[in-house]
Amino acid sequence: MTFTVTYAQRDGGGVCLRLAGELDLATAGELNSTIDRLVAEGHRELLLDLTELTFCDSTGIAAFVRGDNLVAADGGWLRLTGATGRVDRVLQVTGLAEVLHHGRDTADPAAPAAS
C-alpha cells in the first residue's frame with residue numbers, strides 16, 4: 001500500500017495533515033519533509049489525522065516525536081487524532097497517545113475548553 005500526506009489550513013489557524021496508508025522506514029521521510037516544509041513556512045500548530053493510516057512502525061513513531069520536538073521548540077504543538085486498530089494500539093503501548101494528546105475526535109489544543 002502506498003503512503004500519502006495531504007494537508008490544509010485549519011479554520012482558526014494551524015494545519016491539518018491527513019496521513020493514509022503505511023508509515024514505515026520507506027515512507028517516514030515523506031512525513032518528515034512535509035513537517036519540515038510547513039515549519040519553514042512558519043506553521044507551529046499541526047494536527048495529524050490518522051484516520052486512514054493503516055500501519056505505523058517505530059520509524060513512524062520517531063517521525064511523530066521529531067515533529068513534536070520541532071514545533072514545540074518554537075512554542076507550537078503537534079497532536080494526533082483518528083487512529084484506530086493497530087495504529088491506535090501502537091500509540092497506546094508507546095505512551096504517545098497520552099504525550100501527543102491522541103483522541104478519536106479532532107482534539108484542538110487551541111479550542112476553548114467545553115463547559
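These numbers come from a predicted model, not from an experiment. No hydrogens, no waters, no symmetry mates; every other heavy atom, side chains included, goes into these values.
- A search for side-chain contact (heavy atoms from CB on, under 4.5 Å) contacts involving Glu98 returns nothing, not counting sequence neighbours.
- At distances below 3.5 Å, not a single donor-acceptor pair connects side-chain atoms of Asn69 with backbone N or O atoms of Ala72.
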inquiry  = side-chain contact (heavy atoms from CB on, under 4.5 Å) for Phe3 and Leu53? Distances and angles first, verdict last.
reply    = CA-CA 8 Å; Phe3 175 75; Leu53 194 66; 3.9 Å; yes
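- A distance of 9.5 Å separates CG in Leu70 from CG in Asn32, rounded to the nearest 0.5 Å.
- Thr94 pairs by the side-chain contact (heavy atoms from CB on, under 4.5 Å) definition with Ile61, Val90, Leu96, not counting sequence neighbours.
- Scanning for side-chain contact (heavy atoms from CB on, under 4.5 Å) contacts around Thr6 gives Arg18, with sequence neighbours left out.
- Residues Asp49 and Gly82 approach most closely at OD1-CA, 4.4 Å, considering heavy atoms.
- Between atom OG1 of residue Thr59 and atom CG of residue Asp24 there is a gap of 7.0 Å, rounded to the nearest 0.5 Å.
- In this structure, Thr4 OG1 and Glu22 CD are separated by 12.0 Å, a value rounded to the nearest 0.5 Å.
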query = Under the side-chain contact (heavy atoms from CB on, under 4.5 Å) criterion, do Phe64 and Leu91 qualify, and how do the steps go?
reply = CA-CA 10 Å; Phe64 296 151; Leu91 295 175; 4.2 Å; yes
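- Between Leu48 and Arg79 the shortest side-chain heavy-atom distance does not fall below 4.5 Å.
- The cluster map of Ile, Leu, Val, Met, Phe, Trp and Tyr, joined by side-chain heavy atoms under 4.5 Å apart, puts Phe55 and Val5 in different clusters.
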Got a list of side-chain donor-acceptor pairs under 3.5 Å for residues 35-42, not counting sequence neighbours?
| from | atom 1 | to | atom 2 | distance (Å) |
| --- | --- | --- | --- | --- |
| Asp36 | OD1 | Arg66 | NH1 | 3.0 |
| Asp36 | OD1 | Arg66 | NH2 | 2.8 |
| Asp36 | OD2 | Arg66 | NH2 | 2.9 |

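- Applying the side chain to side chain donor-acceptor pair (under 3.5 Å) criterion to Asp74, with sequence neighbours excluded, gives Arg44.
- Interatomic distance, His101 NE2 to Asp68 CG, rounded to the nearest 0.5 Å: 8.5 Å.
- Across every non-hydrogen atom of His43 and Val71, the tightest pair is O-CG1, 4.4 Å.
- Leu31 and Ala63 get closest at one heavy-atom pair: CD2-CB, 3.9 Å.
- With respect to Thr34, the side-chain contact (heavy atoms from CB on, under 4.5 Å) criterion is satisfied by exactly one of Val15, Leu46, Leu19, Leu17: Leu17.
- Between the side chain of Thr81 and the backbone N or O of Leu50, no donor-acceptor pair lies under 3.5 Å.
- Taking each heavy atom of Ala97 and Gln92 in turn, the nearest pair found is CB-NE2, 3.3 Å.
- Remark: Asp11 CG to Cys16 SG distance equals 11.0 Å, nearest 0.5 Å.
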